[in-house]
Amino acid sequence: LVLAYIKNSDVTSQHGDIAVKSSSHSAVERSQAVGVAIAAALTPFGGAGISVGASLSETLTQNTVKAYIREDLSVAGLYRIDAANDVTVTSSARTVVDDVKAVTASVAAGIVAASGGGVDIINDVNNTLEAYVIGNPRESDVTNPLSYHVNTGEDFNLEAKEFVYLTADAGVGAAAV
């Protein structure tokens, strides 16, 4: 869990920006799975050789990243965010899963021979990103009904962004002799 926030507070910047930023970076730099199966049935009366090989490579990245400005709902107050320039609330996640490989080889020999192989690669990216501003309604202030009054000299930026990069290679070889 990655958090960046302003809660139940006044924040003023007379000469610059106010930024609330949270970020997460996850990386799987290498994941390899190798499966090998060999079977032989060599008798004078015949026989069967059956061979099956399998490889499984599974990666999971799961992050919760939040950036926010909020008022606790149980607290009554009129809070202000005043910036001479920008106010920015950003939540970001970067996930890199690189060099994932799964290889399976299967060989069977016999009078009757069967061979097979399989590969399963699962890359699961399950990130939760939140960026928000929230406050209690104020009926008495018609121009600003929320408790947080956000004033900027320039821009207000609110964003949640995610970047995911995945690479994977799979190979299967099977022979029956």
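Computation of the quantities below employed the complete heavy-atom set of this structure, encompassing side-chain atoms and omitting hydrogens, waters and symmetry-equivalent molecules. All residue numbers in this chain count up from 1 along the given sequence.
Inter-residue side-chain proximity for Val100 and Ile121 is flagged as met; some heavy-atom pair is nearer than 4.5 Å. Glu162 places a side-chain heavy atom less than 4.5 Å from the side chain of Val125. For the pair Val103/Val119, no side-chain contact is recorded, criterion being any heavy-atom separation below 4.5 Å from C-beta on. Residues Thr95 and Tyr165 form no side-chain contact, since every pair of their non-hydrogen atoms from C-beta on lies 4.5 Å or further apart.
Between the Thr88 side chain and the Asn157 main chain, no donor and acceptor come within less than 3.5 Å of each other. A donor-acceptor pair under 3.5 Å is formed between the side chain of Ser115 and the backbone N or O of Ala175. In terms of modelled atom types and a separation under 3.5 Å, the side chain of Ser24 and the main chain of Val65 share no donor-acceptor contact. Here the side chain of Ser51 pairs a donor or acceptor atom with the backbone of Ala37 at under 3.5 angstrom. Although no hydrogens or angles enter the test, the distance criterion places a donor-acceptor pair under 3.5 Å between the side chain of Asp10 and the main chain of Arg80. In this structure a side-chain-to-backbone donor-acceptor pair under 3.5 Å is present from Asp17 to Asp86.
Taking NZ of Lys66 as the start and CD of Glu130 as the end, the distance is 4.5 Å to the nearest 0.5 Å. Rounding to the nearest 0.5 Å gives a distance of 11.0 Å between CZ of Arg70 and OH of Tyr5. Atoms CD1 and CG, on Ile18 and Asp82 in that order, are 7.0 Å from each other to the nearest 0.5 Å.
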Should Thr90 and Lys21 be marked as a side-chain contact (heavy atoms from CB on, under 4.5 Å) after you check the CA-CA gap, both sets of side-chain angles, and the distance that decides it? CA-CA 5 Å; Thr90 302; Lys21 296 181 178 183; 4.1 Å; yes
Stepwise side-chain contact (heavy atoms from CB on, under 4.5 Å) test for Asp124 and Gln62: CA-CA 8 Å; Asp124 188 4; Gln62 185 171 359; over 6 Å; no
Under the side-chain contact (heavy atoms from CB on, under 4.5 Å) criterion, do Ile81 and Asn151 qualify, and how do the steps go? CA-CA 6 Å; Ile81 304 296; Asn151 184 35; over 6 Å; no
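Both Val28 and Leu166 belong to a single network of hydrophobic side chains, linked directly or stepwise wherever heavy atoms of I, L, V, M, F, W or Y lie under 4.5 Å apart. When hydrophobic clusters are built by joining Ile, Leu, Val, Met, Phe, Trp and Tyr residues whose side-chain heavy atoms come closer than 4.5 Å, directly or via intermediates, Val133 is grouped together with Val20. In this structure, Leu1 is a member of the same hydrophobic cluster as Tyr132, with clusters built from ILVMFWY side-chain heavy atoms closer than 4.5 Å.
Nearest heavy-atom pair, Ala160 versus Leu129, reported as atom, atom and distance to 0.1 Å: CB-CB, 4.2 Å. What you find for Val96 and His25 is that their closest heavy atoms are CG2-CE1, 4.4 Å. The minimum heavy-atom distance linking Asn127 with Thr61 is given by the pair OD1-O, 4.1 Å. The minimum heavy-atom distance linking Ala114 with Ala108 is given by the pair O-CB, 3.1 Å. Taking every heavy atom of both residues into account, Ser55 and Ala102 meet most closely at CB-CB, 4.2 Å. Across all their heavy atoms, Tyr68 and Leu3 have their closest contact at CE2-CD2, 4.3 Å.
For Ser26 and Asn63, the side-chain atoms include at least one donor-acceptor pair closer than 3.5 Å. For the residue pair Ser31/Ser57, the side-chain donor-acceptor check at 3.5 Å is satisfied. Looking only at atom types and distance, the side chain of Ser23 has no donor-acceptor partner in the side chain of Ser92 under 3.5 Å away. For Asn8 and Glu71, the side-chain atoms include no donor-acceptor pair closer than 3.5 Å. Donor-acceptor pairing under 3.5 Å is lacking for the side chains of Thr167 and Asp99.
Of the candidates Leu158, Val11, Ile134, Ile6, Ile69 forms a side chain to side chain contact (heavy atoms under 4.5 Å, CB included) with just one, namely Ile6.
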